[in-house]
Peer 1: 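Below you will find the structure I want to go over with you.
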Amino acid sequence: MGFVEVTLQLLKGFNVTILLFAITLIGALPLGLLITFGSMSKVKIISKLVKGFVWIIRGTPLMLQVILVFYGPGLIFGIGGVGRFTAVVIAFIINYAAYFSEIYRGGIESIAQGQYEAGQVLGMTKTQIFFKVVLFQVFKRIIPPMGNEIITLVKDTSLARVIAVNELLNEAQDIVGQHAIIWPIFYIGAFYLLFTGLLTILFGQIEKKMNYYAG
Amino acid sequence: MSVLEVSNIHKTFDKEEVLKGISFTLEKGEVLAIIGSSGGGKTTLLRCLNHLIIPDKGRITVNDDVIFDSERTDKISEAELRKKRLHFGLVFQQFNLFPQYNVMKNLTLAAYLLEDERIKKEKGSKEDRKAAHAKVDAKAEEILKKVGLYEKKDAYPCELSGGQQQRVAIARALILNPDILCFDEPTSALDPELTGEVLKVISGLKSSDSTMIVVTHEMEFARRVADKIIFIADGIIEEEGTPEEVFEHPKSEKMKNFFSKSVEVISGGES
Ligand SMILES: Nc1ncnc2c1ncn2[C@@H]1O[C@H](COP(=O)(O)OP(=O)(O)OP(=O)(O)O)[C@@H](O)[C@H]1O
Ligand SMILES: [Mg+2]
């Protein structure tokens with residue numbers, strides 16, 4: 001198998017990988033915020049339930065969750081499940097939302113009480129304080145951990161092959177197995193490096209932009 | 001008529017009674033200095049006035065408008081609460097400036113929001129809004145000149161010294177025209193060489209229509225600037241009067257003790 005053919009086949013896998021990465025982010029970034037509000041809720045029962053949920057999601061392997069979402073509906077309830085790719089997307093969004101929610105929570109809790117009080121004595125509403133004062137500071141503080149988590153997501157996309165989704169690693173493994181050549185593995189290694197490298201640069205840029213103020 | 005009437009304020013935290021019935025009045029244009037040893041309840045009192053915490057008991061009126069009354073059981077809305085808060089301004093020990101905004105925006109942020117709210121209620125136009133914002137900007141600049149920081153209007157808080165940050169915080173409180181401006185140990189977080197500039201700004205604010213309450217450990221400042229001194233110990237007012245009465249002729253033992261200790265601290269610091 002020549003270089004061009006390998007590249008074409010890998011590109012198919014790369015498309016799936018990118019799609020999974022993008023959809024997971026689009027779903028998990030806002031869902032994570034919702035989970036954060038739940039875990040910080042003043043209603044004890046809600047915060048307990050949400051924290052328990054986050055504990056379960058973070059305490060079990062993502063691969064297990066992918067398998068559960070794919071096979072669970074059919075085997076437990078006897079109903080038709082969702083497609084492979086959809087199953088992976090659902091598991092990824094929920095899993096990453098749980099991780100993001102903890103990062104958001106850490107960010108929100110790191111903002112000094114004095115910032116809220118300053119807003120209050122200036123006659124601002126709770127909503128105004130959150131959106132005009134707190135949110136931006138949280139954003140600055142969570143950029144480094146979010147960068148880490150998002151880079152991990154790039155590599156975690158390869159877990160989708162556990163239910164035979166044809167993402168990048170799966171395609172490469174097929175080629176390696178069928179044609180007894182090893183270099184496509186290095187080839188996709190370079191793909192991942194390029195992808196995570198670009199993200200590293202992007203996050204570095206954002207961090208630099210936000211460094212116009214300290215604190 | 002007194003600007004501020006505080007009567008019988010009680011506050012308990014986890015079974016510890018921190019304020020045990022505080023009452024005093026303040027006239028328009030007066031400066032009240034609150035002194036007392038650590039943990040006496042001074043901050044708690046200021047926070048009660050500013051509605052950051054709710055007293056368990058007591059009554060607070062500003063210009064005969066009831067701000068708080070534990071006898072009244074009707075629930076107040078957030079909007080009302082905010083309106084009540086705006087009678088008071090509060091300058092914090094730790095400044096609490098908004099780090100992501102420059103000096104000008106720190107001053108104008110809340111004022112813009114309040115103007116926007118007013119204009120929306122009055123169904124004003126975009127032009128009204130623009131005009132209102134321009135007015136706020138002009139006022140902010142005027143106040144910045146007053147506290148000597150006009151040149152720093154585009155700087156971020158992290159680019160300022162502690163003393164400058166605190167002067168911005170004072171300006172930020174002033175722009176909303178509070179009836180009573182409160183300071184909670186405004187110089188305690190500052191290096192000694194920076195306290196002077198802040199105290200000077202505060203004394204400079206003294207005028208017939210600005211009423212102020214200053215919690216402070218700066219005895220010289222209290223004596224010089226205050227019209228009235230309150231000494232709080234363990235949640236009650238132990239001593240109250242003009243600076244002369246309190247400093248020269250203290251009646252209570254606690255005040256005498258406190259005073260001799262702070263003199264020791266002052267002279268000890270100089271030796
Ligand atoms: N939110 C709170 N929860 C529980 N206890 C509190 C709280 N705020 C204050 N206290 C307690 O109330 C007492 C009075 O505190 P406060 O801060 O009012 O004293 P202070 O006179 O301002 O002291 P300092 O001169 O050190 O600032 C202290 O014992 C403090 O531990
Ligand atoms: Mg205090």
Side-chain angles (χ1 to χ4, degrees), chain A residues 29 33 36-37 40-44 46-47 103-147 202-215, chain B residues 43 46-47 49-53 77-102 105-118 154-160 165 168-169 172-178 180-182 184 189:
Chain A
L29 288 171
L33 196 59
T36 304
F37 291 146
M40 294 179 75
S41 167
K42 287 208 180 81
V43 186
K44 271 258 163 63
I46 293 181
S47 81
I103 295 177
Y104 296 157
R105 190 167 67 89
I108 291 173
E109 285 175 351
S110 76
I111 304 300
Q113 196 56 33
Q115 291 289 305
Y116 293 92
E117 292 177 352
Q120 283 173 334
V121 298
L122 291 169
M124 294 167 74
T125 65
K126 279 184 186 145
T127 319
Q128 287 170 344
I129 293 172
F130 185 76
F131 286 104
K132 304 274 178 185
V133 175
V134 175
L135 191 61
F136 194 76
Q137 296 182 46
V138 171
F139 183 66
K140 173 172 176 162
R141 289 190 193 183
I142 65 174
I143 288 171
M146 285 301 277
L202 177 69
F203 276 94
Q205 290 293 328
I206 300 176
E207 241 176 276
K208 221 160 134 193
K209 269 248 162 68
M210 303 289 287
N211 270 343
Y212 75 88
Y213 80 89
Chain B
T43 297
L46 284 192
R47 293 167 64 82
L49 295 179
N50 283 275
H51 281 77
L52 289 176
I53 49 178
S77 65
E78 201 200 351
E80 275 179 276
L81 180 69
R82 286 168 52 220
K83 228 168 121 192
K84 289 170 189 297
R85 271 199 188 118
L86 285 172
H87 284 290
F88 292 90
L90 179 58
V91 173
F92 300 86
Q93 189 174 340
Q94 303 294 345
F95 331 135
N96 295 344
L97 294 177
F98 305 132
Q100 74 268 40
Y101 295 132
N102 66 16
K105 187 91 194 269
N106 262 279
L107 264 69
T108 56
L109 178 68
Y112 275 8
L113 291 171
L114 288 166
E115 286 298 302
D116 291 352
E117 197 177 344
R118 180 181 63 80
D154 297 320
Y156 287 90
C158 60
E159 297 164 345
L160 302 176
Q165 288 186 49
V168 174
R172 186 177 67 174
L174 282 172
I175 198 168
L176 297 180
N177 276 331
I180 298 147
L181 183 52
C182 306
D184 190 5

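Order of the sequence lines fixes the chain letters, A, B, ..., with proteins taken first and strands second; residue numbering starts at 1 for each chain.
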Peer 1: Tell me, side chain or backbone of B/Leu97 under 4.5 Å from chain A's heavy atoms, or both, or neither?
Peer 2: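 Contact with chain A involves the backbone of B/Leu97 alone.
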Peer 1: Please give me the minimum heavy-atom distance between B/Glu78 and A/Lys126, naming the atom from each residue.
Peer 2: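 So the two residues come closest at OE2-N, 3.2 Å.
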Peer 1: Search all heavy atoms of B/Cys158 against all heavy atoms of A/Ala214 and return the closest pair with its distance.
Peer 2: SG-N, 3.4 Å
Peer 1: Non-hydrogen atoms of chain A under 4.5 Å away: do they reach the side chain of B/Phe92, the backbone, both or neither?
Peer 2: side chain
Peer 1: For chain A, which candidate among B/Arg47, B/Gln94, B/Lys83 shows the most heavy-atom pairs at distances under 4.5 Å?
Peer 2: B/Arg47
Peer 1: Do any N or O atoms from the side chain of B/Arg82 and from the backbone of A/Gly123 form a donor-acceptor pair under 3.5 angstrom?
Peer 2: yes
Peer 1: For B/Gln100, is it the side chain, the backbone, both, or neither that has a heavy atom closer than 4.5 Å to a heavy atom of chain A?
Peer 2: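 When you check distances to chain A, atoms from both the backbone and side chain of B/Gln100 fall under 4.5 Å.
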Peer 1: Measuring from atom CG of B/Leu113 to atom OG1 of A/Thr125, what distance do you get when rounded to the nearest 0.5 angstrom?
Peer 2: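 Here the interatomic distance stands at 7.5 Å.
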Peer 1: Is chain B contacted by the side chain of A/Gln120, its backbone, both, or neither, given a heavy-atom distance below 4.5 Å?
Peer 2: both
Peer 1: If I measure from the heavy atoms of chain A, does B/Leu114 come under 4.5 Å with its side chain, its backbone, both, or neither?
Peer 2: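 Contact with chain A is through the side chain of B/Leu114 alone.
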Peer 1: Is there a side-chain contact between A/Val133 and B/Leu109 in this structure, where contact means two heavy atoms from C-beta onward sitting under 4.5 Å apart?
Peer 2: yes
Peer 1: Need one label for A/Lys140: side chain, backbone, both or neither, based on atoms under 4.5 Å from any heavy atom in chain B.
Peer 2: neither
Peer 1: How long is the straight-line distance from CD of A/Gln128 back to OH of B/Tyr112, given to the nearest 0.5 Å?
Peer 2: 15.0 Å
Peer 1: Just checking B/Lys84: does its NZ atom have more than 12 heavy atoms from other residues, nucleotides or ligands closer to it than 6.0 angstrom?
Peer 2: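 Enclosed: over 12 neighbouring heavy atoms sit under 6.0 Å from NZ of B/Lys84.
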Peer 1: Looking only at heavy atoms, which two atoms of B/Phe98 and A/Gln115 are closest? And how far apart?
Peer 2: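 Answer, listing the atom of B/Phe98 first, then A/Gln115: CD2-OE1, 3.3 Å.
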Peer 1: Identify which part of B/Arg172 has an atom lying under 4.5 Å from any heavy atom of chain A, answering side chain, backbone, both or neither.
Peer 2: both
